[in-house]
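Labels below follow one simple rule: chain letters A, B, ... track the order of the sequence lines, proteins then strands, and each chain is numbered from 1.
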There are 2 protein chains.
Amino acid sequence: MLEVFKKYINDKVSMPEDDLSEILSYAILKKLRRRQFLLQEGDVWRYNAFVSSGFLRKYSVDDKGTEHIMSFSPENYWTGDRESLVNETPSKFNIEALENAEILLFKKDDFDMLCKKFPLFNNMVNNILHRSFLTSQNRIHSSISLTSEEKYNNFVLKFPSIANRVPQHMIASYIGISPETLSRIRSQANKR
Amino acid sequence: MLEVFKKYINDKVSMPEDDLSEILSYAILKKLRRRQFLLQEGDVWRYNAFVSSGFLRKYSVDDKGTEHIMSFSPENYWTGDRESLVNETPSKFNIEALENAEILLFKKDDFDMLCKKFPLFNNMVNNILHRSFLTSQNRIHSSISLTSEEKYNNFVLKFPSIANRVPQHMIASYIGISPETLSRIRSQANKR
DNA sequence: AAAAACTATTGACAAATGTCAACGTTTTTA
DNA sequence: TAAAAACGTTGACATTTGTCAATAGTTTTT
């Protein structure tokens with residue numbers, strides 16, 4: 001829904017109503033049902049995508065068929081594959097709805113034009129990117145410095161609402177361990 | 001040296017000579033000898049730092065005294081701790097010169113002012129940030145989906161000049177494995 | 001030139017993690 | 001509502017990785 005996006009923007013930056021309306025006029029509404037895909041491996045990603053409701057995940061599948069989850073995207077978050085977007089190369093990732101979702105799509109060219117036309121919007125976008133970068137850095141630091149148990153505890157601590165929303169094996173995939181190992185880590189911790 | 005920075009900017013964006021000079025006028029030159037620190041854990045990081053010559057690493061030290069390397073920064077790269085910078089919180093990281101280095105420091109407020117005043121400069125900064133984000137995402141994907149051996153091969157493939165410039169145990173630290181394991185991975189691979 | 005520090009390797013062993021299979025339960029689908 | 005799929009757990013076992021210690025070669029410092 002457009003209202004969700006409107007509220008999202010207004011929370012971040014105070015922008016003239018008309019500008020916001022113009023931005024909204026470029027949004028393409030896409031509805032996804034659970035297990036449908038927003039992006040499939042091999043396709044080129046051409047949008048900026050705002051999740052106005054529902055829940056998505058982005059993941060790759062390796063030679064052995066194992067899935068590796070790069071991100072979860074609940075409502076009020078963005079998703080997509082920026083590498084595919086900027087290089088116009090086939091994506092390594094799948095983006096799939098874990099719950100029925102409503103997405104606002106902005107074509108790359110439209111989005112870039114809007115960023116140029118509305119500096120406030122551009123600033124907001126860059127701020128989001130900046131925060132995403134900080135989040136990435138933290139995830140990297142966890143991955144090279146923490147034990148599996150610490151990675152799990154950290155995840156639950158930082159993303160409690162996501163931890164409650166996805167099956168356990170997806171948390172395992174996100175932090176880079178097998179589902180069995182996570183199960184054992186949890187049962188060990190319970191005994192203490 | 002200022003010349004290096006000038007060339008760096010001119011390679012990325014065509015900016016009026018005067019603007020560039022003004023930007024340069026805010027640079028603080030800092031020389032570091034091997035093993036000196038640009039930032040020490042616990043201090044708040046207050047700059048944007050451009051490496052005009054030399055070579056730095058950023059790392060944390062855990063409870064057991066093990067170092068975990070977050071990044072390497074050769075000449076023509078930026079370094080610092082953005083999380084500490086934006087939140088004004090004590091840094092978890094140390095930034096240390098691995099080779100004698102010359103750094104250009106821009107105080108946070110100066111740098112932000114320059115970004116506001118010179119849109120081209122601002123764009124350049126945001127582009128760099130964007131690329132850093134893509135790099136981070138790739139590192140995350142490696143860390144959750146590759147074996148240790150693959151992580152090492154990947155590192156050498158992507159950063160050959162860094163791989164040749166640092167001791168092996170630092171590569172191990174960067175990819176999140178012990179130095180002994182890396183040594184064994186390499187000797188195994190040699191047999192094949 | 002000698003001493004100290006750093007680096008990479010290797011062995012022995014312990015600990016952590018992955019793999020495969022089986023099972024019962026819960027959730028989803030038809 | 002019955003069948004199928006998904007989920008989490010557990011056991012047995014193999015594999016990977018970490019830890020500690022010793023060693024030899026190299027580089028740096030004094």
Side-chain angles (χ1 to χ4, degrees), chain A residues 32-36 54-55 57 59 61-69 72 96-101 142-156 162-192, chain B residues 32-36 54-55 57 59 61-69 72 96-100 142-153 155-156 162-192:
Chain A
L32 287 181
R33 304 195 56 201
R34 190 165 136 82
R35 272 171 213 161
Q36 284 186 319
F55 194 61
R57 67 167 175 153
Y59 66 96
V61 182
D62 68 21
D63 316 324
K64 295 181 192 156
T66 308
E67 298 176 355
H68 303 283
I69 298 180
F72 297 109
E96 179 200 15
L98 293 179
E99 303 171 9
N100 295 347
S142 296
S143 86
I144 64 173
S145 67
L146 300 184
T147 65
S148 291
E149 182 173 4
E150 289 166 336
K151 287 176 197 175
Y152 172 70
N153 291 333
N154 207 247
F155 181 89
V156 174
I162 291 179
N164 284 324
R165 210 165 168 181
V166 302
Q168 191 173 302
H169 68 87
M170 290 194 186
I171 301 178
S173 172
Y174 183 93
I175 63 180
I177 65 176
S178 72
E180 293 92 340
T181 295
L182 180 52
S183 175
R184 290 185 175 110
I185 283 171
R186 280 166 44 97
S187 77
Q188 289 270 346
N190 275 335
K191 288 180 193 159
R192 299 193 306 244
Chain B
L32 287 181
R33 305 195 55 201
R34 191 165 133 84
R35 273 170 213 162
Q36 285 187 317
F55 194 61
R57 66 167 175 155
Y59 66 96
V61 183
D62 69 21
D63 316 323
K64 293 181 192 156
T66 308
E67 298 176 355
H68 303 282
I69 297 181
F72 297 109
E96 180 201 13
L98 293 178
E99 304 170 8
N100 295 347
S142 296
S143 86
I144 64 172
S145 66
L146 301 184
T147 64
S148 291
E149 182 174 4
E150 289 167 335
K151 285 176 200 176
Y152 172 71
N153 290 334
F155 180 88
V156 174
I162 291 179
N164 285 325
R165 210 166 169 179
V166 301
Q168 190 173 300
H169 67 87
M170 290 193 189
I171 301 178
S173 172
Y174 183 93
I175 62 180
I177 65 177
S178 72
E180 292 93 339
T181 295
L182 179 52
S183 175
R184 287 183 178 114
I185 283 170
R186 279 165 45 97
S187 77
Q188 288 271 346
N190 275 337
K191 288 179 195 161
R192 300 193 304 246

What is the distance from [atom1] of [X] to [atom2] of [N], rounded to the nearest Å?
X	N	atom1	atom2	answer
Tyr152(B)	dA8(C)	OH	P	10 Å
Ile144(B)	dG18(C)	CD1	P	13 Å
Glu150(B)	dT16(D)	CD	P	12 Å
Leu182(A)	dA16(C)	CG	P	16 Å
Glu96(B)	dC6(C)	CD	P	10 Å
Asn190(B)	dA8(C)	CG	C1'	13 Å
Lys64(A)	dT15(D)	NZ	P	13 Å
Asp63(B)	dT19(D)	CG	P	13 Å

Inset, instruction - Ignoring backbone atoms, establish whether Thr181(A) has a side-chain N or O less than 4.0 Å from OP1 or OP2 of dG18(C). - result: yes
Inset, instruction - Answer yes or no: does a side-chain N or O of Gln168(A) lie under 4.0 Å from OP1 or OP2 of dA6(D)? - result: no
Inset, instruction - Taking His169(A) for its side chain and Pro179(A) for its backbone only, find out whether a donor-acceptor pair lies under 3.5 Å. - result: no
Inset, instruction - Would you check if the side chain of Arg34(B) reaches a backbone N or O of Leu98(B) as a donor-acceptor pair within less than 3.5 Å? - result: yes
Inset, instruction - With heavy atoms under 4.0 Å as the rule, sort Ile177(A) into base, sugar-phosphate or nothing. - result: sugar-phosphate
Inset, instruction - Look at all strands and tell whether Ser148(A) reaches a base, only sugar-phosphate, or nothing, counting heavy atoms closer than 4.0 Å. - result: sugar-phosphate
Inset, instruction - Take His169(B) and Arg184(B), find for each the nucleotide of DNA chain C with the closest heavy atom, and name the residue whose nucleotide sits nearer the 5' end. - result: His169(B)
Side chain of [X] only, heavy atoms from C-beta on: which candidate in [options] is closest?
X	options	answer
Ser187(B)	dT29(D), dT10(C), dT19(D)	dT10(C)
Glu180(B)	dC20(D), dT9(D), dT28(D)	dC20(D)
Arg34(B)	dT19(D), dT28(D), dT28(C)	dT28(D)

Legend entry - Five-pair end axes of the helix from dA1(C)-dT30(D) to dA30(C)-dT1(D), angle between them (10°): 60°
Legend entry - Distance in Å, Ser145(A) OG paired with Glu67(B) CD, rounded so as to fall on 0.5 Å steps: 13.0 Å
Inset, instruction - Could you grab the distance from atom CZ of Arg57(B) to atom CD1 of Ile162(B), nearest 0.5 Å is fine? - result: 13.5 Å
Inset, instruction - For Arg186(A) and for Gly176(B), find the nucleotide of DNA chain D with the closest heavy atom, then tell me which residue's nucleotide is more 5'. - result: Arg186(A)
Legend entry - Closest-nucleotide ordering on DNA chain D, the 5'-leading residue of Pro167(A) and Thr147(B): Pro167(A)
Legend entry - Closest non-hydrogen atom pair, Ala97(B) against Leu32(B): CB-CB, 4.0 Å
Inset, instruction - Give the ring-plane orientation class for Phe72(B) versus Phe55(B), where under 30° counts as parallel, over 60° as perpendicular and anything between as tilted. - result: parallel
Legend entry - For Arg186(A), salt bridge (charged side-chain N to carboxylate O under 4.0 Å, His left out) partners two or more places apart: none
Legend entry - Test item: Val166(B) and Ile69(B) side chains (from C-beta on) under 4.5 Å apart, heavy atoms: no
